[in-house]
Amino acid sequence: MTDSNNKWEYAPSLEGTSHIQLKEKYDLFIDGKWIKPSNNRYFDTINPATEEKLAEIAWASEDDVDLAVMAARKAYKEVWSVMKASERAKYIFRIARLMQEHAKELALIETLDGGKPIRESRDIDVPLACNHFFYYAGWADKLQDAFPQRNIQSLGVAGQIIPWNFPLLMAAWKIAPALAAGNTVVLKPAESTSLTALKLAEIIQASGLPAGVVNIVTGNGDTGAAIVNHPDIDKIAFTGSTAVGKLIQKSVVGTSKRVSLELGGKSANIVLEDAPIDQAVEGIVNGIFFNQGHVCCAGSRLYVQESIADEVVRKLKQRMQSLYVGNPLDKNTDIGAINSKEQLGTIEKYINIGINEGADMYQLECEIPSKGFFCRPTIFTNVAQSSVIAQEEIFGPVLTIQTFRTIDEVIQKANNSPYGLAAGVWTDKGSRIFNLTSKLRAGVIWANTYNKFDPASPFGGYKESGFGREGGLHGLEAYLK
Ligand code: ADP
């Protein structure tokens, strides 16, 4: 234990990587086969914790996207939409089982490619991704029971575009309900984190899923735009930034495409004076520092009732000093690498804005690795409601803290945001929970916990956080006429 911060120094406990094998080059997964990109262009994917190149990834052109959509349409018409639902369920179930068998490999690849701590990939991302496939496999042949008195019809071909913060989990959120509802898929992972989606493509190939039912095309925003603008796509499901979400919405105006958008957030985590304080401090830490703050529903705005503010901030600072930032492969690591140099730059820009706005900054005092993209967990007190750091999404381990006196005041402050994805409420009283949850304009509200996910519960936002729900029956409905 060092004297300065009461922190135990642990010997490194590194997860081995010798049993995973990455290809040097990954092609496009179209019509059940691996196909070279038509323009023969590839880009590098790197490990953000070491800046080392992991593999080369194919860059899909418009022609490649067209090929993928044609394969998906053919598979939809000839195979998937005419197959008995109970047979479709078996395939989805088989994918879930195979993912479980490859769980360790998937977790390692997620950590290498995305920078998140191995503990999170292993205990959260991968099991939840498997559970989404299991959950929707169960619904595939029970759609009529799920939606009685409706004529169940799938939509057709779904174009799905996902971000880099939960690469495998977002792929599961998108693919599993689409398949269960009888659709076929063209999915594009984010350019900095394509590897687990490509590993999933290998699993899907091994599962014997008919060719063309799932196609995975890699590339950048241009590839994403080619999916959005393709005339033979029936539904666009997008998770990512509000800026790109708005672009997508504009592109589909005047078409018959269905759209669901899960966008940014600036979620309020509210601690009332009767809250269990130690538990709340854990929830605050989990809410903002989990996954380096790369969580669209991160509890990035903390509101603490004035009478307990000093105690909460003191305990939070103490808890922050016991966090470990560093090698994501180390099982002791709490906070891994920021996903990219660009994102680290964005976070640092906001930290400087916070300082220049006159807020008081406090950071974890620790060494951070000299290579790779790392950021110390950071909190700001003395923040105004109107300040940029309290209004804009930072997407990093940066928390703003404000105080309040009355419940009405905190409801107003929490709702004073262009976003409305999630919120947290910490209190001892059920009646206060119900009062706040009915007045907060957020899609998901956690009470006395934060960042808890389950395939059966719907997730999605209000206002600029998007529309449409994923998860549960709501998520299935989004893929039905
Ligand atoms: P972030 O800021 O979190 O990286 P983005 O919204 O830029 O989020 O990216 C999320 C996903 O959207 C990625 O897969 C990215 O390649 C894709 N994308 C980026 N620009 C566009 C676009 N104009 N049309 C469709 N997809 C896009």
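For ligands, and for the atoms within them, numbers begin at 1 and follow the listed sequence. We number each residue from 1, following the sequence as shown.
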Q) Think Lys188 forms a cation-pi with Phe238, using NZ or CZ under 6.0 Å from the six-ring centre and within 45 degrees of its axis? A) no

Q. Should the pair Lys25 and Trp34 be classed as cation-pi, given the thresholds of under 6.0 Å to the six-membered ring centre and 45° from the axis?
A.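 That pair does not qualify as a cation-pi contact.
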
Atoms of ligand 1, numbered as shown, that sit under 4.0 Å from any heavy atom of [X]:
X	answer
Pro189	14 (O)
Ile161	11 (C), 12 (O), 14 (O), 17 (C), 25 (C), 26 (N)
Ser241	2 (O), 5 (P), 6 (O), 7 (O), 8 (O)

Q) Heavy-atom distance from atom 3 (O) of ligand 1 to the protein below 4.0 Å? A)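 True for atom 3 (O) of ligand 1.
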
**Q.** Per atom 10 (C) of ligand 1, closest listed option by heavy atom (Asn220, Leu247, Thr239, Val244)
**A.** Thr239

Q) Heavy atoms only: which of Gly245, Gly221, Gly224 is nearest to atom 18 (N) of ligand 1? A) Gly221

Q) Is it the side chain, the backbone, both or neither of Trp164 that has a heavy atom closer than 4.0 Å to ligand 1? A)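 For Trp164, only side-chain atoms sit under 4.0 Å from ligand 1.
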
Q: Tell me which part of Ile227 gets within contact of ligand 1: side chain, backbone, both or neither, using heavy atoms under 4.0 Å.
A: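 Neither part.
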
Q) Nearest to atom 24 (N) of ligand 1, what protein heavy atom do you find, and at what distance? A) Ala225 N, 3.5 Å

Q. Tell me, which protein residue and heavy-atom name are nearest atom 15 (C) of ligand 1, and how many Å apart are they?
A. Glu191 OE1, 3.5 Å

Q) For Lys266, which residues count as a side chain to side chain donor-acceptor pair (under 3.5 Å) partner, sequence neighbours excluded? A)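 Once residues adjacent in sequence are excluded, Lys266 has no partner under the side chain to side chain donor-acceptor pair (under 3.5 Å) criterion.
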
Q.
According to side chain to side chain donor-acceptor pair (under 3.5 Å), who are the partners of Glu393, at least two apart in sequence or on a separate chain?
A. none

Q: Would you check whether Phe238 reaches within less than 4.0 Å of ligand 1, judged by its heavy atoms?
A: yes

**Q.** Ala243 to ligand 1, any heavy atom closer than 4.0 Å
**A.**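 No, Ala243 has no heavy atom closer than 4.0 Å to ligand 1.
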
Do side-chain atoms of [X] reach the backbone of [Y] as a donor and acceptor pair under 3.5 angstrom?
X	Y	answer
Thr378	Arg376	yes
Arg73	Asp232	yes
Asp113	Ile109	no

Q) So is Ile162 polar-close to ligand 1, meaning N/O to N/O under 3.5 Å? A) yes

**Q.** Heavy-atom pair with the smallest gap, counting every atom of Pro369 and Phe374
**A.** CG-CE1, 3.6 Å

